[in-house]
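Start at 1 with the first residue, then count along the sequence.
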Amino acid sequence: MSRMRSAAMVLSCAILTAGGAAAVLQQASGSSIPVADASVCRVDTVVLPWGELRYDTIAPDGSLISGYAWRKRGELMAREDSLSRYTTLTDSDYQVIAQELGVEVAAIKAVVRIEAGASLQGFYAPGVPVVNFDRAMYRRARATSNAKAPSSSHVPAGITSSYGRKEWSQLIAARKVNREKADMGTFWGMFQIGGFNYQQCGCASVQELVDRMCYSEFEQLQLFANFISNTGMLEDLRCKNWRAFARKYNGANYASRGYHTRMARAYAKYKQNETCGTEQSESQEIITETHENH
């Protein structure tokens with residue numbers, strides 16, 4: 001399935017703008033880099049395995065002008081993710097998004113730890129993402145289609161947790177009334193992003209968001225990156241302003257549930273692990289609270 005991520009999020013990619021001596025390398029972020037010999041540089045368009053477009057801008061001597069060497073990077077990530085795309089975010093996955101956002105890997109991991117719980121789980125089974133059906137959000141959703149899921153629709157196979165089966169059962173039942181409303185009234189993946197926020201995630205429709213949520217944990221991570229960038233949360237994460245970030249991400253009750261303090265503690269732990277080069281064991285309590293804002 002071909003998908004192209006939000007251009008605003010691909011901070012490392014660039015396209016070449018011709019113009020002789022005044023030529024510049026125009027980045028997706030809006031800034032530009034002067035290129036002395038732009039007329040003879042080449043831009044290699046790279047389609048990564050999950051459908052995203054990236055660009056390698058190569059100088060005549062073969063050196064990379066800016067960003068990652070995406071052809072090699074994409075091949076490495078494809079090999080890693082082919083074995084773990086439903087179960088594990090790799091270090092490469094985290095590093096890619098951290099560089100795009102200009103944040104620390106430990107800061108992103110802290111949000112994953114609090115949103116996904118100790119399991120750091122984005123899927124119940126291959127292709128079956130973690131969901132949290134919210135009836136209040138479902139009722140408030142404004143669908144553009146009256147399409148219903150087939151009456152034969154059933155809970156996907158492979159879900160072993162009773163909580164997961166319950167949430168998917170509610171989602172399937174709601175889809176049989178109105179599929180779009182049901183998907184918009186559900187929180188998806190390891191970051192528990194509401195389907196009604198599909199546009200803020202860089203998606204053209206809630207169906208696109210669902211498709212990408214079902215594809216891999218890296219897609220869920222990219223959707224999270226798009227979401228916080230398009231909703232004014234990115235600077236808070238960069239600055240580790242956990243109170244401001246949690247207020248926007250988790251809603252008005254963030255303080256009573258301790259989201260900001262838990263994220264701060266998780267960040268400190270991951271940062272310490274980076275310094276020590278170790279991974280410490282965690283409790284297996286999985287956080288399943290309803291999220292108000294995302």
Side-chain angles (χ1 to χ4, degrees), residues 1-3 5 49-51 81-89 112 115-224 226-227 284-294:
M1 182 180 299
S2 177
R3 289 173 307 284
R5 299 196 181 126
W50 44 86
D81 289 343
S82 67
L83 303 175
S84 64
R85 77 188 219 193
Y86 298 124
T87 58
T88 306
L89 283 172
V112 176
E115 293 302 312
S119 66
L120 307 183
Q121 183 182 29
F123 287 85
Y124 290 127
V128 185
V130 170
V131 298
N132 181 359
F133 178 75
D134 189 307
R135 192 161 299 280
M137 291 297 182
Y138 165 68
R139 288 169 178 161
R140 288 165 53 184
R142 295 291 177 263
T144 61
S145 167
N146 293 321
K148 301 177 182 180
S151 58
S152 59
S153 299
H154 54 82
V155 174
I159 304 176
T160 58
S161 76
S162 58
Y163 180 84
R165 288 194 296 272
K166 176 176 72 73
E167 294 301 312
W168 266 98
S169 293
Q170 292 182 86
L171 172 57
I172 295 297
R175 280 179 167 178
K176 293 177 181 179
V177 178
N178 186 299
R179 183 183 181 103
E180 191 176 58
K181 274 175 66 72
D183 290 345
M184 291 173 70
T186 299
F187 292 89
W188 295 88
M190 60 170 39
F191 294 96
Q192 288 292 277
I193 298 175
F196 56 89
N197 278 318
Y198 68 88
Q199 291 179 312
Q200 286 82 359
C201 292
C203 298
S205 66
V206 69
Q207 183 62 54
E208 181 187 345
L209 180 136
V210 171
D211 288 345
R212 290 173 63 173
M213 285 289 183
C214 293
Y215 184 74
S216 70
E217 287 191 346
F218 184 75
E219 276 295 317
Q220 294 181 8
L221 179 60
Q222 180 72 74
L223 290 167
F224 163 77
N226 291 3
F227 178 63
Q284 292 304 302
E285 179 184 359
I286 299 176
I287 299 167
T288 56
E289 295 100 326
T290 297
H291 301 285
E292 302 175 9
N293 220 35
H294 57 286

Query - Close side-chain approach of T186 to F133, heavy-atom, < 4.5 Å - result: yes
Query raised in the report: Are any side-chain N or O atoms of R175 and backbone N or O atoms of D183, one a donor and one an acceptor, separated by less than 3.5 Å?
Result: no
Report task. Please name the pair of heavy atoms, one in N226 and one in C201, separated by the smallest distance, quoted to 0.1 Å. Result -> ND2-O, 2.8 Å
**Report entry** Heavy-atom closest pair, residues Y198 and A204
**Finding:** CE1-O, 3.7 Å
Report task. Identify whether NZ of Lys or CZ of Arg in R85 sits under 6.0 Å from the centre of the six-membered ring of F218 and within 45° of that ring's axis. Result -> no
Query raised in the report: Under the side chain to side chain contact (heavy atoms under 4.5 Å, CB included) test, which residues partner E217, sequence neighbours left out?
Result: L89, F123, M190
Query - Side-chain touch L171/E167, heavy atoms, less than 4.5 angstrom - result: no
Query raised in the report: For atom CZ of R140, is the number of surrounding heavy atoms from other residues, nucleotides or ligands below 6.0 Å larger than 12?
Result: no
**Report entry** Q220 and M213, any side-chain heavy atoms less than 4.5 Å apart
**Finding:** yes
Requested in this report: Would you confirm whether S205, through its side chain, and E208, through its main-chain N or O, come within 3.5 Å as a donor-acceptor pair?
Outcome: yes
Query raised in the report: Looking only at heavy atoms, what is the nearest atom pair of C203 and L223, with distance?
Result: SG-CD2, 3.7 Å
Report task. May I ask you to test the Y138-F196 pair for a side-chain heavy-atom distance under 4.5 Å? Result -> no
**Report entry** Minimum heavy-atom distance I159-G164, with the two atoms named
**Finding:** CG2-C, 3.7 Å
**Report entry** Shortest non-hydrogen contact between G127 and P129, atoms and distance
**Finding:** O-CD, 3.4 Å
Query raised in the report: Any side-chain heavy atom of V112 sitting closer than 4.5 Å to one from F191?
Result: yes
Query raised in the report: Going by heavy atoms in the side chains, are Q192 and V130 under 4.5 Å from each other?
Result: yes
Report summary line: Those residues at least two apart in sequence (or on a different chain) that pass side-chain hydrogen bond (donor to acceptor under 3.5 Å, both in side chains) with T144 are E180
Requested in this report: For residues R139 and R142, report the shortest heavy-atom separation together with the two atoms involved.
Outcome: O-NH1, 3.6 Å
Report task. Look only at the side chain of N197 and the backbone of Q200, and say whether a donor-acceptor pair between them is shorter than 3.5 Å. Result -> no
Requested in this report: Could you tell me which residues satisfy side chain to side chain contact (heavy atoms under 4.5 Å, CB included) with K166, sequence neighbours excluded, listed by chain and number?
Outcome: Y163, Q170
